[in-house]
Number of protein chains: 2
Amino acid sequence: MRMNEGVEWALHSCLNLSWLEPGEAMTAARLAAFYDLPAAYLNKQLQALARAGILTSTPGPRGGFRLARAPERITLLDVVTAIEGATPAFRCEGVLRNGPGGRDDVDYAKLCVVSQSMHRAELAWRKELAGQTLADVKATVERRYPETPARTRSWFTSPRA
Amino acid sequence: MRMNEGVEWALHSCLNLSWLEPGEAMTAARLAAFYDLPAAYLNKQLQALARAGILTSTPGPRGGFRLARAPERITLLDVVTAIEGATPAFRCEGVLRNGPGGRDDVDYAKLCVVSQSMHRAELAWRKELAGQTLADVKATVERRYPETPARTRSWFTSPRA
DNA sequence: GAATGGATACTCGGATACGAGCTGTCCGAGTAAAATGGG
DNA sequence: CCCATTTTACTCGGACAGCTCGTATCCGAGTATCCATTC
């Protein structure tokens, strides 16, 4: 079980966007340069965030991405599901269906006790992610590293290196 | 993010093993036939369970796999980590290291707030899995479907179809 | 009849191909800004 | 000087390869069983 690399990039990029002036957009290329990431691939992830309604994108000069809503209303789960998709990690393929006495007209994903237990664990995972907003993470970073917001903003507003 | 198919197989196979007579072994081929699974591949998963100390394997005629300890002492997390490995799904690659002001001698997996939040969610997931033992699942199945243990045992002890 | 040695068949175990999905890259459609020419 | 029009440059957006890892398979090492042979 392995999570997409893009999730980490997306989270950090959203965090960086939250430190910009409200309404200010930033291009995928510049967001990628901040961490020395492949620009086109990060662009792909940001597109997914835009499709999910987390970011808004504007093309053309002075265009780019910006947060679609306040960080208080963006949970970590929103970002993760935007990148990873909504399909659960443990997909019950219904082995019981192929076993003796298996019926085709039964939804074993719902009835199978094993599936339920695994599903319960994933629910706990999602609940924990949904309980943390981007604003919470942002606040923690600002408390521990007070210079980060100003430093980040100045990096993005400085002329291209 | 996608969990190995083998996890589901391993869980159901452990459950089936728990319904056999204590000390009775069952071959990978027969366990696979129960759900119509590829035998050699299931064997691979069972090997992983044996390496993790969840099952014991004995070669030769009358050999096979059996539970290494009581179902009360086998958690779902044990099975999952045996198959999936212990590496967490969200691996912090330390994008901060490549960012401005990044240091090579800092463990960002520990300091990065994003990484910590994601790690906390995975901890909740593991905790939920660790709280459920194979005996719990077994008891739930026996309560809901009382005929399952006898039926399963008879299937495994019946002559090969 | 009992014991012994060997042959046998069966099981796990790891080494070996195949394929899906993540990773990475490219170029085109569309847009806002800037430049240009005229009034 | 101001405005309309054209040009320009820049951005996202989706379509196209490369590669790692999960999926599937095969054959060999080792062992308990069974059988033939001998005492």
Side-chain angles (χ1 to χ4, degrees), chain A residues 1-10 13 17 23-33 35-66 68 80 82-85 87 89-91 93 95 156 159-160, chain B residues 1-10 13 17 23-33 35-66 68 80 82-85 87 89-91 93 95 156 159-160:
Chain A
M1 193 176 52
R2 179 177 164 179
M3 179 168 289
N4 281 10
E5 186 65 25
V7 173
E8 187 183 7
W9 303 356
S13 294
L17 285 174
E24 186 179 5
M26 192 51 60
T27 71
R30 198 117 181 85
L31 285 167
Y35 293 120
D36 195 24
L37 302 175
Y41 190 34
L42 178 63
N43 186 23
K44 197 178 183 62
Q45 316 294 346
L46 298 178
Q47 284 178 35
L49 293 179
R51 270 193 294 269
I54 297 172
L55 302 182
T56 58
S57 64
T58 56
R62 300 278 297 170
F65 294 93
R66 71 199 75 186
V80 170
I83 303 292
E84 288 284 340
T87 53
F90 183 84
R91 298 151 296 110
E93 297 293 339
V95 294
F156 278 109
R160 281 145 190 79
Chain B
M1 192 175 56
R2 179 177 165 180
M3 178 168 288
N4 281 12
E5 184 66 25
V7 173
E8 188 184 5
W9 303 357
S13 294
L17 285 174
E24 185 179 6
M26 192 51 60
T27 71
R30 198 118 182 84
L31 285 167
Y35 293 120
D36 196 24
L37 301 175
Y41 189 34
L42 177 63
N43 187 22
K44 195 180 183 62
Q45 316 295 347
L46 297 178
Q47 283 177 35
L49 293 179
R51 270 193 294 270
I54 297 172
L55 302 182
T56 59
S57 64
T58 55
R62 300 277 297 168
F65 294 93
R66 69 198 78 185
V80 170
I83 303 293
E84 288 286 339
T87 53
F90 182 85
R91 296 151 299 109
E93 296 293 339
V95 294
F156 277 109
R160 282 146 189 75

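Residue numbering restarts at 1 for every chain, and letters A, B, ... go by the order of the sequence lines. Predicted model, so just to flag it, every value in this text is computed and none were measured.
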Report the distance from atom CE of A:Met26 to atom P of D:dC10, rounded to the nearest whole Å. 16 Å
Please report the shortest heavy-atom distance between B:Leu31 and B:Ser13, naming the atom on each side. CD2-O, 4.3 Å
In terms of side-chain heavy atoms of A:Trp9, which of C:dG13, D:dA24, C:dG24 is nearest? C:dG24
Atom CZ of A:Arg30 and atom C1' of D:dC10: how far apart are they, to the nearest Å? 15 Å
Euclidean distance, B:Glu24 CD relative to B:Arg62 CZ, rounded to 0.5 Å: 7.5 Å
Please tell me which of the listed nucleotides, C:dT11, D:dC12, D:dA24, lies nearest to the side chain of A:Phe65? D:dC12
Heavy-atom closest pair (A:Ala82 atom, A:Leu49 atom, distance to 0.1 Å) is CB-CD2, 3.7 Å
Any side-chain N or O of A:Ser57 under 4.0 Å from OP1/OP2 of D:dG13? yes
Find the distance B:Leu46:CG to C:dG14:C1' and express it as a whole number of Å. 15 Å
Just the rounded figure in Å: distance from C1' of D:dG18 to CD of A:Glu5. 17 Å
Output yes when at least one side-chain N/O atom of B:Arg51 is less than 4.0 Å from OP1 or OP2 of C:dG14, else no. yes
Indicate, with a heavy-atom threshold strictly under 4.0 Å, whether A:Asn4 touches base, sugar-phosphate, or nothing. sugar-phosphate
Checking all strands, does B:Ala29 fall into the base, sugar-phosphate, or nothing category for heavy-atom contacts under 4.0 angstrom? nothing
Do B:Arg66 and B:Thr58 come within less than 4.5 Å of each other through their side chains, counting heavy atoms only? yes
Minimum heavy-atom separation for B:Glu8 and A:Glu93, please, with both atom names. OE1-N, 3.1 Å
Only one of B:Leu42, B:Ile83, B:Leu46 forms a side-chain contact (heavy atoms from CB on, under 4.5 Å) with B:Trp9, so which one is it? B:Leu42
By nearest-nucleotide position on DNA chain D, the 5'-leaning member of A:Lys44 and A:Arg62 is A:Arg62
Nearest whole Å is fine: how far is C:dC12 C1' from B:Leu49 CG? 14 Å
Check: B:Phe65 and B:Asn43 side chains under 4.5 Å, non-hydrogen atoms: yes
Overall bend - the helix from C:dG1-D:dC39 to C:dG39-D:dC1, comparing terminal axes fitted on five pairs, nearest 10 degrees: 10°
Using the closest heavy atom to pick a nucleotide of DNA chain D for each, name whichever of B:Arg2 or B:Pro59 lands nearer the 5' end. B:Arg2
Nearest-nucleotide pick for A:Tyr41, side chain only, options being C:dT23, D:dT23, D:dC12: C:dT23
Once you round it to whole Å, what is the distance between C1' of C:dG21 and CZ of A:Arg91? 12 Å
Rounded distance (Å) that lies between atom C1' of C:dT23 and atom CD1 of A:Ile83: 13 Å
Which residue lies toward the 5' end of DNA chain C, B:Ala40 or A:Leu42, if each is placed at its nearest nucleotide? B:Ala40
If you assign A:Asn43 and B:Met1 each to the DNA chain C nucleotide with the nearest heavy atom, which residue ends up on the more 5' nucleotide? B:Met1
What are the two closest heavy atoms between B:Asn4 and A:Met1, and how far apart are they? OD1-N, 4.4 Å
Could you tell me the separation between the CD atom of B:Gln47 and the P atom of D:dA24, rounded to a whole number of Å? 16 Å
